[in-house]
Protein chains: 2
Amino acid sequence: MKITIKDIARIAGVSTATVSKILNKKDQNISETTRNRVLEIIKKYGYVPNRVASSLVTKRTNTLGLIIPDIVNPFFPELARGAEDKANERGYNLILCNSDNNVQKEEIYVDMLKEKMVDGIIFTASSRRTDKFKKLTSFQVPVITVDREIEGLKTHGIITVNNVKGAYDAVKYLLNRGYKKILHLTGPMTSKPTRDRYEGYCRALIDEGFEIEDCLVCEGDYSSDWGYEGILRALKRDIKFDSVFCGNDLIAIGAIKALKVKGFDIPREVGVIGFDDIYMAKMIDPDLTTIKQPNYEMGYKAAELLIDMIEKKEIKINKYVLDTRLVIRKSTK
Amino acid sequence: MKITIKDIARIAGVSTATVSKILNKKDQNISETTRNRVLEIIKKYGYVPNRVASSLVTKRTNTLGLIIPDIVNPFFPELARGAEDKANERGYNLILCNSDNNVQKEEIYVDMLKEKMVDGIIFTASSRRTDKFKKLTSFQVPVITVDREIEGLKTHGIITVNNVKGAYDAVKYLLNRGYKKILHLTGPMTSKPTRDRYEGYCRALIDEGFEIEDCLVCEGDYSSDWGYEGILRALKRDIKFDSVFCGNDLIAIGAIKALKVKGFDIPREVGVIGFDDIYMAKMIDPDLTTIKQPNYEMGYKAAELLIDMIEKKEIKINKYVLDTRLVIRKSTK
DNA sequence: GTGAAAGCGCTAACAG
DNA sequence: CTGTTAGCGCTTTCAC
C-alpha cells in the first residue's frame with residue numbers, strides 16, 4: 001500500500017491541506033515548527049506525492065509532447081535534447097513520439113497526448129500535411145512548430161531557421177572560392193525548407209551574376225542514398241559541375257562517397273557543401289564544409305517558448321527565426 | 001469548458017457508468033442500441049476521455065520512462081526508437097530522460113517518474129553507479145536495465161548484448177586476416193561492456209596462441225576524440241601495431257582519422273574494426289568493419305519485456321542476451 | 001442491461 | 001496559522 005498525503009497528515013497531526021501547502025511551497029502562513037515536522041515525516045516515510053492526482057485538480061501535467069518524424073534521423077536527437085534540457089530545467093517532462101512523417105500517426109499521437117493532458121506540444125510536422133488536419137488548431141493547449149512552417153496550419157508559435165540565408169551563404173561562398181557550376185541536390189520540394197534553400201541558391205547565383213540552370217537542380221530526399229544516387233545520375237547524364245550544394249549533410253555524405261568512388265578529388269575537382277552540421281560532418285573524410293543549423297537551440301527555444309505560453313508569461317514574439325552559420329572545413333577549397 | 005463523461009452521459013440519457021463501460025470495451029452487457037447511441041454522441045461532440053482521471057483510479061498511466069545517458073550519442077536513438085515503437089504498439093507512451101551518466105540526475109528522474117506514476121522504467125544506467133542507490137530497487141514498478149548490467153543493482157529484467165562474444169569475433173577475424181599486433185582502444189573500464197569486450201579480446205588472442213601485451217591496451221572513453229588521441233599516443237610511444245580493435249565505432253572513426261593524417265594505408269598497413277555499427281559506419285571512408293549491436297532490438301525487446309511484466313503476462317525469462325554480428329566492410333583486409 | 005454511489009489522492013477556497 | 005470541505009473526471013462494485 002502506497003503512502004498518501006492523508007497518511008502524512010495523520011502522522012504529523014495536521015490536515016492534508018497543511019501538508020499540501022508545504023509541498024507546494026505555498027507555506028508563507030505555516031509556522032516553522034509544523035513545516036519542519038511535516039517535512040521530516042515526509043522524508044522519513046519516503047513519501048512521494050502522486051502527480052496524477054494533483055494534475056486532475058490543477059489541470060496541469062507538467063508534461064510536453066514532442067512529435068518528430070524519427071529520432072534516428074541525425075537531425076533530431078539534438079533538437080530533442082535541447083527541448084528536453086529546457087523542459088527539465090523548468091520541471092517538465094517530454095513524451096517522445098516518432099511519426100515517420102505520417103499524417104495518420106501524427107493524428108493518433110495528438111489524440112494520445114490530448115488524452116494524457118499534456119500542457120503543450122512541440123511539433124515537427126510532416127511535409128505532406130494538408131489543412132484537412134484540424135486537430136492541432138482545435139487543440140486546447142499551445143503548439144509550437146519547429147523547423148517546418150506549415151501553410152494552412154495555425155499554431156501558437158514557430159521556431160525556424162533562416163534557410164534562405166543559409167543557402168545563400170553556402171552558394172555565395174562556393175562562388176567566391178572560384179566554383180562556377182554548382183549542382184544542387186535537394187530534398188523533397190514539398191517541404192518548405194527545401195524550397196527556401198532552393199530560393200537561397202537561386203538568389204546567390206543571380207546576385208553574383210550567374211544564370212540558373214535547371215539541369216543543375218535535382219530533387220530527391222534527405223538521405224545519403226540520394227546523395228550517392230544523385231551524383232551518379234548527374235555523371236551519367238554528363239552534366240558538368242565543379243561543386244555540389246547539398247540539401248543536407250546526409251546527402252553531402254552520400255555525394256562525397258560517390259565522388260570518391262568515381263575518382264574525383266575533393267575539394268580540388270569538386271567542392272561539396274552540406275547543410276545541418278550533424279555530428280558526423282567533422283568525422284568524415286574530407287570533413288565537410290557545411291551550414292550549421294542550431295538544432296539544439298531550436299529544441300531549447302521551442303521548449304522555452306512553449307513553457308512561457310503555458311505559464312502565461314508575457315509573450316511578445318511567437319516566432320523565432322534562428323540564424324545559420326557557415327562552417328568551413330575541407331570539402332571546399 | 002471541456003466536455004466530460006458526465007456530459008456525454010447526460011446527453012445520451014444514460015449513466016456515466018454505462019459510458020465508461022462502452023469506452024473501455026467492457027460492454028458485453030450493454031445493448032447494441034445504447035452503445036451505438038453513446039458512440040455517436042461521443043463522436044459528434046469530439047469527446048476525448050481524460051486519462052489522468054482514469055489513471056487515478058486504475059493506477060495505470062500507460063506511460064513508461066526511458067532513462068538514457070544522452071540521446072545525442074549515436075548509440076541511443078535506435079534504442080529509443082525500438083522502445084518507442086513497441087510501447088506505441090501496445091498503447092504506451094515514453095518519457096525521455098537524458099541523464100548524462102550522472103547519478104544525481106538519474107535519481108531526480110527516477111523521482112519525477114515515480115511521481116508521474118509511470119508503469120515501468122527502461123534504464124541504461126551510468127557506469128558509476130554504486131549500490132548506495134537503492135531508489136530503483138525499492139521502486140514499486142518494474143525496471144528493465146539495458147546494455148549495462150549493474151552490480152549490486154537488482155532489477156526486474158535485463159537486456160544485454162553478448163559483448164564478450166562480439167569482441168571475440170572481432171579479434172579472431174583480425175587474426176584470421178593476418179593481423180598480429182592488435183591495439184585495443186577501450187572505453188572506460190568502470191563499465192561492464194568495456195570489461196566484457198576486453199575479456200573477449202584476451203580470449204581470442206589466447207585461443208589463437210597469442211600473448212596479451214599490456215602496452216597494446218589503452219583505456220579511454222567512448223568518443224571519437226579519444227580514438228584520435230589514442231592513435232597519436234600509441235604512435236608517439238612507438239608502440240608497434242598492425243590493427244586496432246576499437247571499443248566502439250566512434251573511437252574507430254577517430255582512430256581512422258588519425259591514421260589517415262599520419263599517412264597510414266587502411267586496411268593494408270593498419271586494419272581497423274569497431275563495435276556498434278552506428279549509422280555512420282558505412283558512410284565513412286573506408287567504410288568500417290564492425291560488430292553490429294542490435295540497438296533497435298534491444299529497445300524493442302526491453303519495452304516488450306517491461307510491458308509484459310506490467311500486464312502480468314507469464315514471464316519465464318527475464319534476461320535476454322542478444323547476439324552481435326560481424327559486419328565486414330573495407331577497413332580491414 | 002443499467003445506474004447509484006463511493007472513492008482514487010490531491011488542491012483550493014473559505015472559514016475560523 | 002490551520003482545518004473543513006467540495007470537488008477534479010473517471011472506474012467499479014453492487015443493487016435493481
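Model, not experiment: these values are computed from the prediction. Letters A, B, ... are given to chains in the order of the sequence lines, protein chains preceding strands, and every chain is numbered from 1.
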Salt bridge (Lys or Arg N to Asp or Glu O under 4.0 Å) with A:D308: of A:K301, A:K86, A:R90, only one passes, and it is A:R90
Quick one: on DNA chain C, does A:R51 or B:S15 contact a more 5' nucleotide (nearest heavy atom)?
B:S15
Would you indicate whether the side-chain heavy atoms of B:Y92 and B:I307 approach each other to under 4.5 Å?
yes
Go through residues 6-13 of chain B and report each residue with a non-hydrogen atom lying under 4.0 Å from DNA chain C, sorted by number.
B:G13
Nearest whole angstrom, please: distance from the C1' of D:dC10 to the CD of A:E115.
13 Å
Closest to the side chain of A:V57, out of C:dT11, C:dG1, D:dT12, is C:dT11
Separation of atom CG in B:N62 from atom P in D:dT11, rounded to whole Å:
12 Å
Is it true that, when you exclude A:E311 itself, more than 12 heavy atoms of the residues, nucleotides or ligands shown sit nearer than 6.0 Å to its CD?
yes
Reckon B:N24 has a side-chain N or O less than 4.0 Å from the OP1 or OP2 of D:dT11?
yes
Here the distance between atom P of D:dT12 and atom CZ of B:R60, to the nearest Å, is 11 Å
When the nearest nucleotide of DNA chain C is assigned to B:E32 and to A:P49 on a heavy-atom basis, which residue is associated with the more 5' position?
B:E32
Check the distance between D:dC10's P and A:L56's CG and give it to me in whole angstrom.
9 Å
Distance alone, cut at 3.5 Å: any donor-acceptor contact between the side chains of B:D85 and B:Y296?
yes
Under 4.0 angstrom between B:K59 side-chain N/O and C:dC8 OP1 or OP2:
no
Ion pair B:E40/B:K43, N-O distance below 4.0 Å
no
Report yes if the side chains of B:D119 and B:V141 come closer than 4.5 Å at any heavy-atom pair, otherwise no.
no
Tell me: CZ of A:R37 to C1' of D:dT2, nearest whole Å?
11 Å
Could you check whether A:D100 pairs with B:R81 (Lys NZ or Arg NE/NH1/NH2 to Asp/Glu carboxylate O, under 4.0 Å)?
yes
Using a cut-off of 4.0 Å on non-hydrogen atoms, how would the nucleic acid contact of A:T34 be classed: base, sugar-phosphate, or nothing?
sugar-phosphate
With a 4.0 Å limit, can you tell me whether A:T18 has a side-chain N or O closer than that to the phosphate oxygens OP1/OP2 of D:dG3?
yes
Take atom CD1 of B:I30 and atom C1' of C:dG3, then tell me their distance rounded to the nearest Å.
10 Å
If we ignore angles and hydrogens, is there a donor and acceptor under 3.5 Å between the side chains of A:Q104 and A:Y109?
no
For atom CG of B:N29 and atom C1' of D:dT12, their distance in whole Å:
14 Å
Using a cut-off of 4.0 Å on non-hydrogen atoms, how would the nucleic acid contact of A:S54 be classed: base, sugar-phosphate, or nothing?
sugar-phosphate
With a cut-off of less than 4.0 Å, is there a side-chain N or O of B:S31 near OP1 or OP2 of C:dT2?
yes
Does D:dT11 have OP1 or OP2 sitting under 4.0 Å from an N or O in the side chain of B:S20?
yes
Under 4.5 Å between any side-chain heavy atoms of A:L23 and A:Y47, yes or no?
yes
Where is the tightest heavy-atom contact between A:P69 and A:T124, given as atom of each residue plus distance?
CD-O, 3.8 Å
Reckon B:V52 touches a base, only the sugar-phosphate, or nothing at all at heavy-atom distances under 4.0 Å?
nothing
Review item, nucleotides 13-16 of chain C N/O atoms under 3.5 Å of protein N/O:
none

Hey, is the side chain of A:Y47 poking within less than 4.0 Å of OP1 or OP2 on C:dG9, counting only N and O atoms?
no
Please classify the nucleic acid contact of B:N50 as base, sugar-phosphate, or nothing, using heavy-atom distances under 4.0 Å.
sugar-phosphate
Euclidean distance, atom NZ of residue B:K26 to atom P of D:dC14 [Å, nearest integer]
14 Å
Donor-acceptor side-chain pairing of B:K116 and A:T63 below 3.5 angstrom:
yes
